[in-house]
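Working notes, beginning with the structure itself.
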Protein chains: 2
Amino acid sequence: MAISQKCQYALRAIYELALHQDEGPCKIGAIAEAQSIPVRFLENILNSLKGADIVDSARGKEGGYYLLKPADSITVGEVIRFVQGPIGPVECTSRVDDDCDFYSDCVFRPLWDKARAALESVYDGTTFQDLVDQSANICRIPQCSCNKKKIESKSH
Amino acid sequence: MAISQKCQYALRAIYELALHQDEGPCKIGAIAEAQSIPVRFLENILNSLKGADIVDSARGKEGGYYLLKPADSITVGEVIRFVQGPIGPVECTSRVDDDCDFYSDCVFRPLWDKARAALESVYDGTTFQDLVDQSANICRIPQCSCNKKKIESKSH
DNA sequence: ATCGTTCCCGAGCGTTTCAATCGGGAATCC
DNA sequence: GGATTCCCGATTGAAACGCTCGGGAACGAT
């Protein structure tokens, strides 16, 4: 299963929230700008992510979105599964009730299983904290406060 | 990138041809029946595979489709790439000229690269001969000659 | 030569999915 | 009560997908 645009937006948005996790809620406009995501679309995405207990939000001035868990306990895999369903190269191996003519006799099933396992190991083995740690430039908005932090921690 | 129905049909068809490789051309109707593929659709698929120098065909009575190479030198990966393009979890990492805003700065790129490498290793590491060797039941049509062969070789 | 068999080829079609938008509503804070 | 910000469902437009269709052309047998 390819990673859809929507899912990539979700991942980037959560990554952005992870960058700013200890600064209070992020406004949706800021997230959208930092990550080049259409605002109204991002609205849908973030709202649906609330159903996964990954993010929550506050309204009014100083409102915005924030993570419900520390970044090191949110995996890429869990976000992908929530946004676009089971991870895997083909649909039939992710379903129990399968209308495929081949069932477990399918010659290709071991192959799909191997591919799925490989993908899951990559996606489930990466947390958003890993991504934050790996990022060289931190935030793409130069004036953003998170970049100050980065500079400070470098000079230590 | 998910494996499309069309691509699965292509793989199953080539597998079927591999089963019967030393028996002359296979008629498209037989392939379609053995692998539960809509005939007119399979027609499209097999014809396009001729462009990849994987199969060729002969017309008239005793005509049909056959593999141009031994089954152990056709990989699953090469078929997938021909039918549905570059292997990978997202499009942007497969393209050189990329209209993504993030280019090589993308925090997720290492992840996509890992995922792609994992998929490629699975798909490029499997030949159709591997699939034939692994198959327990050989052909799904009980009366088919390839099953006789199987029985003979078992009794040896 | 002609007839049956089989492949050949491009055009078309209905459905679903995808990405994105829109209008208007409701909570929160000053 | 007004500014700010999130909330929610409906809708749209375009593209991809799975599949069908009609008619044509090569091959072999008789």
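Here is how names work: the chains are called A, B, and so on, in the same order as the sequence lines, proteins then strands, and each is numbered from 1. Keep in mind that what you see is a predicted model, and the values were worked out from it rather than measured.
The CD1 atom of B:I45 sits 9 Å away from the P atom of D:dG18 (whole-angstrom rounding). One interatomic measurement links the two molecules: CD of B:Q5 to C1' of D:dA16, which rounds to 14 Å at whole-angstrom precision. Distance CG (B:L49) to P (C:dC8): 12 Å, rounded to an integer number of Å. The separation between B:K50 atom NZ and C:dT6 atom P is 16 Å, rounded to whole Å. Between B:F41 atom CZ and C:dG14 atom P there is a gap of 17 Å when expressed in whole angstrom units. Whole-Å rounding puts the A:L42 CG to D:dT5 C1' distance at 14 Å. Between the CD atom of B:Q8 and the C1' atom of D:dG18 there is a distance of 13 Å, given to the nearest Å. Rounded to an integer number of Å, the gap from CD1 of A:I37 to C1' of C:dT21 is 16 Å.
Considering only side-chain atoms of A:K6, the nucleotide from D:dT20, C:dC8, C:dA19 that sits closest is C:dA19. Of the candidate nucleotides D:dC19, D:dG18, C:dC7, D:dG18 has the atom nearest to the side chain of B:S4. The listed nucleotides are C:dT6, D:dC7, C:dT21; the one nearest the side chain of A:N47 is D:dC7. Picking from D:dT20, D:dA25, C:dT21 the nucleotide with the shortest atom distance to the side chain of B:R59 gives D:dA25. Of the candidates D:dC6, C:dG10, C:dC8, the closest approach to any side-chain atom of B:N44 belongs to C:dG10.
DNA chain C is contacted by both A:C7 and A:G60; A:C7 maps to the nucleotide lying nearer its 5′ end (nearest heavy atom per residue).
Across B:E16 and B:A34, no two heavy atoms sit closer than the pair OE2-CB, 3.4 Å.
Across all strands shown, B:C26 has heavy atoms under 4.0 Å from sugar-phosphate atoms exclusively, and none from any base. Nucleic acid contact class of B:L46 (heavy atoms, under 4.0 Å, all strands): none. A:G64 comes within contact range of the sugar-phosphate backbone alone, with a heavy-atom separation under 4.0 Å but no base atom that close.
A side chain to side chain contact (heavy atoms under 4.5 Å, CB included) with A:I14 is found for exactly one of A:I45, A:L49, A:L46, A:L131, namely A:L49.
Taking only side-chain nitrogens and oxygens, A:Y9 comes nearer than 4.0 Å to OP1 or OP2 of C:dA20. For B:Y66, no side-chain nitrogen or oxygen approaches OP1 or OP2 of C:dT6 to under 4.0 Å. Regarding contacts with the backbone of D:dC27, every side-chain N or O of B:K61 stays at 4.0 angstrom or more from both OP1 and OP2. Within the structure, a side-chain polar atom (N or O) of B:S57 is placed less than 4.0 Å from OP1 or OP2 of C:dC8.
B:D133 and B:Q129 share a donor-acceptor pair across their side chains, judged by distance under 3.5 Å alone. Side-chain contact, B:Y9 with B:N44: no donor N or O sits under 3.5 Å from an acceptor N or O. Inspection of the B:D22 and B:Y66 side chains reveals no N or O donor paired with an N or O acceptor under 3.5 Å.
Between the side chain of B:E43 and the base of C:dC9, a donor-acceptor pair under 3.5 Å is found. Interface remark: the B:R40 side chain does not form any donor-acceptor pair with the D:dG18 base, using a distance-only criterion of under 3.5 Å.
Atoms CD1 and CG, from B:I87 and B:L119 in turn, are 7.0 Å apart once rounded to the nearest 0.5 Å.
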